Amino acid sequence: MSLIGQHNNGNGLVVSGPQLRPRKKEVAMSSSEETGGSLSESQIAVHWREEEYLYPSAGFIGQANAAEPAIYKRFSEERFPECFREYADLLHWDAYWHTTLDTTNPPFWKWFVGGRLNASYNCVDRHLATKANKAAFIWVPEPETEGAKAITYQELYRRVNEFAAMLKGFCGLESGDRVTFHMPMVPDLPVSMLACARLGVVHSEVFAGFSGTACGGRIADSGSRVLVTIDGYYRDGKWLDHKAKADEAVAVAKSEGVEIEKVLVFRRNPGEYHSASPMVQGRDYFVDDVIGDYLRQLVAPVPMPAEAPLFLMYTSGTTGRPKGAQHSTGGYLSYVAGTSKYFLDIHPEDTYWCFADIGWITGHSYIVYGPLALGTTSVLYEGAPAYPDPGRPWRIAERLGVNIFHTAPTTVRMLRKLGKDEPAKHDYHFKLMCTVGEPIEPEVWRWYYESVGKAEAAIVDTWWMTETGGFLASTLPALKPMKPGSCGPAALGIYPIIYDDDGEVVEAGSGKAGNICIRNPWPGVMQTVWGQPERFVQTYYARYCQDKASTDWRDWPFMCGDGAVQAEDGYYRILGRIDDVINVAGHRLGTKELESAVLTVPEVAEAAAVPVIDEVRGRVVEMYVALQPGLSASPEIEDKVKRSIEVQIGKVARPKNVWIVPDMPKTRSGKIMRRVIASISNFADVGDITTLANPDVVEGIRRQVYKQKTERGEAPRELSAKELEEIQSYGKAE
Ligand code: WTA
């Protein structure tokens with residue numbers, strides 16, 4: 001590997017010039033006040049080590065899509081918003097736009113106004129001339145005996161057309177209608193998405209790991225009349241019967257006033273039905289039966305206005321009900337195509353594997369829309385990362401010749417724990433690796449770099465969220481060095497600003513923490529919260545809006561919902577959510593959602609969810625519960641609490657422990673002091689509790705939890721300063 005002017009410190013890491021050497025900063029933490037409300041983010045001084053820089057190889061730079069520093073000039077603020085033309089020009093437009101950015105109705109920005117395009121045409125049809133028989137997807141079923149299946153662009157074209165014909169002909173769907181999918185990682189999912197996009201129908205995919213109840217709530221919110229599901233799929237060596245969830249989803253949607261007319265059931269193995277759930281006459285239909293009437297039919301892609309919604313993606317925030325982030329057709333597709341090209345460095349001839357689930361935004365943007373818009377070949381894997389053993393991902397990479405790999409820190413941690421030495425046994429070579437979804441610890445980053453990437457692959461740590469459609473910060477891999485634990489500078493054309501809790505700007509590059517916002521609109525930003533425009537304004541813009549009457553975008557910074565610091569070199573380090581969200585293995589779970597699920601258990605009077613730092617999953621949830629007067633704790637109640645979460649949200653959210661306590665520690669105004677119980681759950685010092693209304697309960701809870709944790713074999717884990725700070729100030733937003 002070429003080190004372009006740097007020297008190697010002997011363990012594969014590249015150390016750079018004197019001003020860039022690791023340096024320590026003083027630890028200076030101010031303590032949170034008892035109200036839990038007055039610690040300003042900017043008062044938390046940064047106290048962790050800056051890591052060293054690492055540089056990509058000359059080989060990588062030589063072939064990179066963005067290798068000229070001039071690209072930063074092209075996307076400089078003076079060139080905003082026209083700079084984003086470059087992204088839009090990656091697409092085929094049926095009608096070119098006349099206005100790049102319309103700000104007349106803030107903050108409901110419109111991009112590429114006047115333009116018309118079809119997302120399905122852009123991801124499929126236009127590649128047929130040169131790539132008809134190139135694989136669009138290579139699907140890898142979880143059981144290794146099944147072997148991989150390639151789906152060419154030509155085959156994808158046929159399948160998308162046939163399913164679109166069926167959605168139109170059999171379901172009567174037309175542009176503007178919504179359809180909910182509850183689908184796992186099978187090719188039928190991207191086929192369904194693209195079929196909707198072809199018709200201008202808005203899709204809303206719900207992560208397959210979510211429960212039927214969670215799916216039902218999202219059906220009701222979106223007003224879908226059609227649900228697309230599957231009989232079942234493989235995960236971790238088990239066949240999961242999925243269709244049963246559809247029955248529950250339909251019932252829940254109905255109880256909320258929305259009637260599903262048709263449930264379209266894919267069969268994982270066409271012709272064979274493997275679910276215990278009976279098909280409901282007149283409601284449920286096997287796709288492989290009905291599609292027989294639509295074989296060979298072609299459906300013309302509908303040229304949609306650039307600002308027509310393409311899909312909804314539900315996500316969690318401060319309040320109980322998940323919000324449907326609405327993404328546009330033209331702006332979104334331009335943004336994911338452009339960022340896939342420059343940050344993931346996708347070329348059509350690459351074999352790209354994003355190990356995320358399409359049920360999340362990462363899968364929408366960086367498995368389906370971005371890579372297909374660029375005409376590349378993507379691996380789609382059905383199952384669990386370490387099934388049947390932790391060598392599996394590397395066998396897949398070797399066999400299929402994957403050269404770009406994209407995953408989340410939780411998967412990296414898991415593969416490192418279970419099979420540290422596995423990657424070296426396999427003959428694959430990545431040119432680029434991506435990490436997304438959570439902060440990655442520098443030690444984990446180094447294993448990823450040295451072992452998984454064999455010190456050959458450039459890493460991009462991409463920071464963004466459901467609402468932003470695509471990356472907000474990342475190094476451009478050939479142009480900026482990597483720094484473990486920091487995502488890097490802002491993405492092209494993105495201008496962040498950090499505010500403190502009082503609305504003052506935190507000095508750029510000061511290393512002080514605050515709430516990170518984006519000053520300018522960008523094409524990938526969500527358009528609204530489906531059906532709740534006021535909530536959209538309230539959640540993302542109200543706090544730092546400079547002038548509500550202004551139509552100048554400069555007055556409307558977008559609040560991302562994360563705490564962050566910017567170091568002197570301009571790199572950002574993300575501290576995590578500020579809005580009562582716990583990030584479990586990359587899944588964004590709202591504490592309010594978890595708590596309201598638990599409050600459906602009749603015995604429960606109060607519930608509080610707190611994060612526990614976990615070696616593999618990043619964070620896991622522990623639930624504190626106080627019972628109705630006169631009741632006492634029992635394993636049955638504990639079980640009911642766990643089950644309530646599984647049923648309302650899904651197994652992903654199942655708490656690690658449920659602690660039934662006699663009373664919650666509270667402020668004098670009656671608020672549960674989450675930082676106290678979070679500290680107990682993490683074996684951390686509870687800090688000052690003198691101003692609590694009931695400080696005496698704390699010691700009892702501590703003893704109870706420590707004792708039970710010890711019995712369950714859970715040992716205290718040393719927390720880093722950053723982790724300690726997160727836990728000891730947890731819930732201060734309330
Ligand atoms: C977190 C996932 C640190 C962050 C794309 C954000 C990250 C939330 C990173 C969004 C990263 C995402 N480093 N933290 N590279 N990427 N996050 O909506 O807290 O599922 O707000 O979107 O994940 O999660 P979401």
Side-chain angles (χ1 to χ4, degrees), residues 205-207 209-210 312-318 322-325 327 335-336 339-340 343-344 354-367 369-370 406-413 433-442 444-445 448 459-475 482-491 494 496 513 515-518 524-526 529 539-540 558-566 571-590 593 611 617-619 652-653 722-723 726 733:
E205 151 72 0
V206 178
F207 173 54
F210 275 164
L312 308 179
M313 171 62 64
Y314 282 84
T315 191
S316 300
T318 307
K323 354 181 226 301
H327 283 286
Y335 197 69
V336 297
T339 49
S340 295
F343 293 94
L344 298 175
C354 174
F355 208 147
D357 196 291
I358 298 178
W360 303 113
I361 191 72
T362 300
H364 276 50
S365 301
Y366 298 114
I367 297 180
Y369 288 113
H406 186 162
T407 193
T410 189
T411 308
V412 181
R413 287 185 215 109
M433 305 193 299
C434 180
T435 161
V436 62
E438 309 155 71
I440 184 164
E441 300 77 3
V444 176
W445 192 100
Y448 195 36
I459 295 185
V460 285
D461 180 346
T462 57
W463 167 70
W464 60 296
M465 55 228 37
T466 304
E467 294 87 337
T468 71
F471 305 148
L472 290 181
S474 163
T475 51
M482 307 162 244
K483 187 165 76 168
S486 295
C487 51
I494 299 289
N515 299 330
I516 188 163
C517 298
I518 308 301
V525 66
M526 69 190 281
V529 173
T539 310
Y540 303 102
F558 174 90
M559 188 172 86
C560 300
D562 275 327
V565 297
Q566 189 189 26
Y571 281 33
Y572 293 93
R573 190 189 286 246
I574 304 305
L575 305 174
R577 303 287 310 174
I578 54 168
D579 60 354
D580 305 323
V581 161
I582 303 181
N583 194 331
V584 178
H587 304 309
R588 197 168 140 183
L589 303 174
E593 266 168 89
R617 289 159 67 79
R619 303 289 174 272
V652 276
K722 184 181 168 206
E723 290 166 343
E726 174 192 324

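Everything numeric here is computed off the predicted structure, so don't read it as measured data. We count ligands from 1, going down the list as the structure has it; atoms in each ligand are counted the same way.
- Among all protein heavy atoms, the one lying closest to atom 13 (N) of ligand 1 is Glu438 O, 3.3 Å.
- In terms of polar-atom proximity, Cys560 is not counted as a contact of ligand 1, lacking any N or O under 3.5 Å from an N or O of the ligand.
- Side-chain N or O atoms of Arg588 include one that pairs as donor or acceptor with a backbone N or O of Ser316 at under 3.5 Å.
- In the vicinity of Thr362, heavy-atom distances shorter than 4.0 Å reach the ligand 1 atoms 5 (C).
- Residue contact annotation: Trp464 has a non-hydrogen atom under 4.0 Å from ligand 1.
- Counting atoms of ligand 1 from 1 in the listed order, those under 4.0 Å from a heavy atom of Asn583 are 1 (C), 23 (O).
- Short contacts between ligand 1 and Met465, defined as distances under 4.0 Å to a heavy atom of the residue, involve ligand atoms 6 (C), 10 (C), 18 (O), 21 (O), 22 (O).
- In terms of polar-atom proximity, defined here as any N/O pair under 3.5 Å, Asp461 does make such a contact with ligand 1.
- Between Asp461 and Trp445, the side chains place no donor N or O within less than 3.5 Å of an acceptor N or O (distance only, hydrogens not considered).
- Panel note: side chain Tyr448, backbone Arg413; no donor-acceptor pair is recorded below 3.5 Å.
- The option from Arg577, His587, Arg573 that lies nearest to atom 8 (C) of ligand 1, judged by heavy atoms, is Arg577.
- At a heavy-atom distance under 4.0 Å, only side-chain atoms of Arg588, from C-beta outward, approach ligand 1.
- To the nearest 0.5 Å, the span separating NE2 on His364 from CE on Met313 amounts to 3.5 Å.
- In summary, the aromatic rings of Phe343 and Trp463 are positioned with their centroids too far apart to meet the 6.0 Å limit.
- Residue Thr466 holds the heavy atom nearest to atom 20 (O) of ligand 1 of all those in Leu589, Asp562, Thr466.
- Atoms of ligand 1 found under 4.0 Å from any heavy atom of Ile361, numbered from 1 in the order shown, are 5 (C), 22 (O).
- When non-hydrogen atoms are compared, ligand 1 lies under 4.0 Å from neither the backbone nor the side chain of Cys487.
- Listed for the Ser365 side chain is a donor-acceptor partner under 3.5 Å among the backbone atoms of Gly469.
- Relative ring orientation between Tyr366 and His406 is described as tilted, the plane-to-plane angle lying within the 30° to 60° band.
- Using a cutoff of 4.0 Å between basic side-chain nitrogens and carboxylate oxygens, Glu438 and Arg619 are not scored as salt-bridged.
- For ligand 1 and Ile574, the ligand atoms under 4.0 Å from any heavy atom of the residue are 3 (C), 14 (N).
- Looking only at distances, no side-chain donor or acceptor of Ser486 sits under 3.5 Å from a matching main-chain atom of Gly488.
- In this structure, atom 23 (O) of ligand 1 lies nearest to the protein heavy atom Gly437 O, 3.1 Å.
- Side chain of Thr462 to backbone of Thr435: a donor-acceptor contact under 3.5 angstrom is found.
- At a 4.0 Å cut-off, not a single heavy atom of Gly561 sits close enough to ligand 1 to count as contact.
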